Protein chains: 2
Amino acid sequence: MRPPGSARGPRPTSVARVPGIDYDVLDTLLGYALRRAQIAAFDAFYRATAGHGITPPRFTALVIVGANPGLSQTVLGRVLGIARSGAMLLTDWLVRRKLAERRPHPEDRRSWGLFLTLRGESLLADLKRTVRAHDGQLGGTLTETQRRTLLRLLRQLAE
Amino acid sequence: MRPPGSARGPRPTSVARVPGIDYDVLDTLLGYALRRAQIAAFDAFYRATAGHGITPPRFTALVIVGANPGLSQTVLGRVLGIARSGAMLLTDWLVRRKLAERRPHPEDRRSWGLFLTLRGESLLADLKRTVRAHDGQLGGTLTETQRRTLLRLLRQLAE
DNA sequence: TATTGTTATACTCTATAACTATA
DNA sequence: TATAGTTATAGAGTATAACAATA
């Protein structure tokens with residue numbers, strides 16, 4: 001049993017509102033609503049991936065490497081929005097678990113091409129299923145139309 | 001000049017998509033869209049509060065103490081979803097900046113009642129204005145109706 | 001000169017656990 | 001016994017800076 005919040009980074013903070021507290025202006029801010037919603041989403045993600053040691057950035061990395069085989073660590077870092085040194089540590093983790101491997105880049109001997117192993121492909125397929133399922137339940141009380149609307153509005157916000 | 005990403009916790013990672021990259025299943029996940037939207041929101045927040053040393057949790061703490069004067073550190077921690085030790089460090093920060101103060105709790109000599117100072121009240125008033133303004137611009141391309149819809153759907157998601 | 005990967009180092013945030021004083 | 005605040009310590013994640021190899 002993993003003690004909560006130790007092995008996989010900061011544990012998603014509780015989303016529950018505290019009764020009797022006045023939240024004042026927070027209730028009118030899109031930013032605060034986003035934060036609360038993301039905590040709920042983290043929660044769903046952790047339920048989906050319990051026991052795999054998978055975090056959101058690691059899942060993202062698996063998906064990105066899977067869909068863009070041969071990309072470099074620098075590009076992976078850029079996609080994830082982290083520094084090169086961080087992309088390296090993340091790649092190290094994937095390689096250590098034998099989920100991905102570094103192959104020499106055919107045209108540039110400074111960089112690696114990243115590829116999923118068979119094991120990585122297989123885990124990714126599993127993860128995609130469960131993450132998608134839990135992500136679907138995330139909007140448990142949302143209708144399919146509302147869900148699509150939300151997704152569209154969020155994309156518009158982030159563009 | 002503050003070097004980016006040093007004094008105020010992790011710098012919001014870039015929200016820009018990398019051209020030529022296949023994002024695969026990520027584009028269908030509410031959780032991923034939420035993350036991207038929240039990065040944009042962080043960005044707006046940091047623009048709003050540049051130079052104040054204010055982070056989202058610190059802003060939240062100011063608002064909560066302001067609207068619920070006399071509450072204890074433990075309750076503050078529960079509202080923020082952090083451990084008591086963290087609530088204490090956060091309170092220390094507010095007290096050090098003379099934005100809040102601890103007063104003996106009238107009925108329980110184990111706990112403090114937290115209150116904003118005049119300076120805290122004044123800063124909070126400023127912050128509310130700018131944060132609200134930037135939060136409004138956050139959905140720059142959203143109509144007022146879309147904004148309300150988004151807020152409602154996010155609340156429904158997190159409930 | 002510029003870039004890739006790497007290494008070393010530091011910082012922020014959060015957590016748990018143990019301690020104290022009160023309840 | 002249980003709780004509030006505190007202190008000490010540890011871990012994850014990220015950043016910057018400097019270095020070697022290569023472009």
Side-chain angles (χ1 to χ4, degrees), chain A residues 1-14 18 35 39 42 46 49 53-61 70-96 100-114, chain B residues 1-14 35 39 42 46 53-61 70-96 100-114:
Chain A
M1 260 316 172
R2 167 180 64 88
S6 67
R8 299 206 299 174
R11 182 250 231 91
T13 59
S14 165
V18 177
R35 172 169 156 68
I39 291 170
F42 267 27
Y46 283 114
T49 63
I54 293 292
T55 59
R58 285 170 186 166
F59 174 71
T60 304
L71 90 171
S72 71
Q73 285 181 193
T74 297
V75 172
L76 178 62
R78 211 172 294 145
V79 173
L80 292 163
I82 60 178
R84 274 175 308 158
S85 55
M88 201 222 131
L89 295 174
L90 184 49
T91 304
D92 277 352
W93 188 90
L94 295 174
V95 170
R96 218 178 311 122
E101 57 188 25
R102 296 175 164 105
R103 298 188 203 157
H105 195 288
E107 287 157 13
D108 187 337
R109 279 187 305 174
R110 290 174 304 182
S111 62
W112 302 108
L114 302 181
Chain B
M1 262 312 173
R2 167 180 62 88
S6 65
R8 299 205 299 172
R11 186 253 229 87
T13 59
S14 165
R35 171 166 157 68
I39 291 171
F42 268 28
Y46 284 114
I54 292 291
T55 58
R58 284 170 188 167
F59 174 71
T60 303
L71 91 171
S72 69
Q73 286 182 191
T74 298
V75 172
L76 178 61
R78 212 172 293 145
V79 172
L80 292 164
I82 60 178
R84 274 176 309 161
S85 55
M88 200 222 131
L89 295 174
L90 185 48
T91 304
D92 277 351
W93 189 89
L94 295 174
V95 170
R96 217 179 313 122
E101 58 188 24
R102 297 176 165 104
R103 298 189 203 154
H105 194 290
E107 288 158 13
D108 187 337
R109 280 189 303 175
R110 290 173 303 181
S111 61
W112 302 108
L114 303 180

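None of these values were measured; they are calculated from a predicted model. Labels below follow one simple rule: chain letters A, B, ... track the order of the sequence lines, proteins then strands, and each chain is numbered from 1. All heavy atoms count here, side chains included; hydrogens, waters and symmetry mates do not.
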Which parts of nucleotides 18-23 of chain D does protein reach within less than 4.0 Å, heavy atoms only, written one letter per nucleotide 5' to 3' as B for base, S for sugar-phosphate only and - for none?
-> ---BBS

Results of salt bridge (charged side-chain N to carboxylate O under 4.0 Å, His left out) for A:Arg103 - residues two or more places apart only = A:Glu101

Residue mapping more 5' on DNA chain D - nearest nucleotide basis, B:Thr74 or A:Gly86 = B:Thr74

If you look at every strand shown and take non-hydrogen atoms under 4.0 Å, does A:Ser72 touch a base, only sugar-phosphate, or nothing?
-> sugar-phosphate

Length of the line joining A:Trp112:CH2 and C:dT3:P, which is rounded to integer Å = 21 Å

OP1 or OP2 of D:dA12 sitting under 4.0 Å from any side-chain N/O of A:Trp93?
-> no

Which residues share a side chain to side chain contact (heavy atoms under 4.5 Å, CB included) with A:Thr74, sequence neighbours left out = A:Ser72, A:Arg78, A:Arg84

Between D:dT14, D:dA4, C:dG5, which one does the side chain of B:Ser111 approach most closely?
-> D:dA4

Could you please name the option among D:dG5, C:dT7, C:dT14 that lies closest to any side-chain atom of A:Met88?
-> C:dT7

Hey, mind stepping through B:Asp92 and B:Gln73 against side chain to side chain contact (heavy atoms under 4.5 Å, CB included) and telling me if it holds?
-> CA-CA 10 Å; B:Asp92 277 351; B:Gln73 286 182 191; 5.8 Å; no

Determine: side-chain N/O of B:Arg78 to OP1/OP2 of D:dT3, distance under 4.0 Å, yes or no.
-> no

The single option from A:Leu80, A:Leu90, A:Leu76, A:Thr55 that satisfies side chain to side chain contact (heavy atoms under 4.5 Å, CB included) with A:Thr60 is A:Leu80

Please round to the nearest 0.5 Å and tell me the distance separating atom CG of A:Leu94 and atom CG of A:Leu114.
-> 8.5 Å

Indicate, yes or no, whether a donor-acceptor pair under 3.5 Å links the base of D:dT16 to the side chain of A:Ser85.
-> yes

Value in whole Å for how far the P atom of D:dG13 lies from CD1 of A:Ile54 | 11 Å

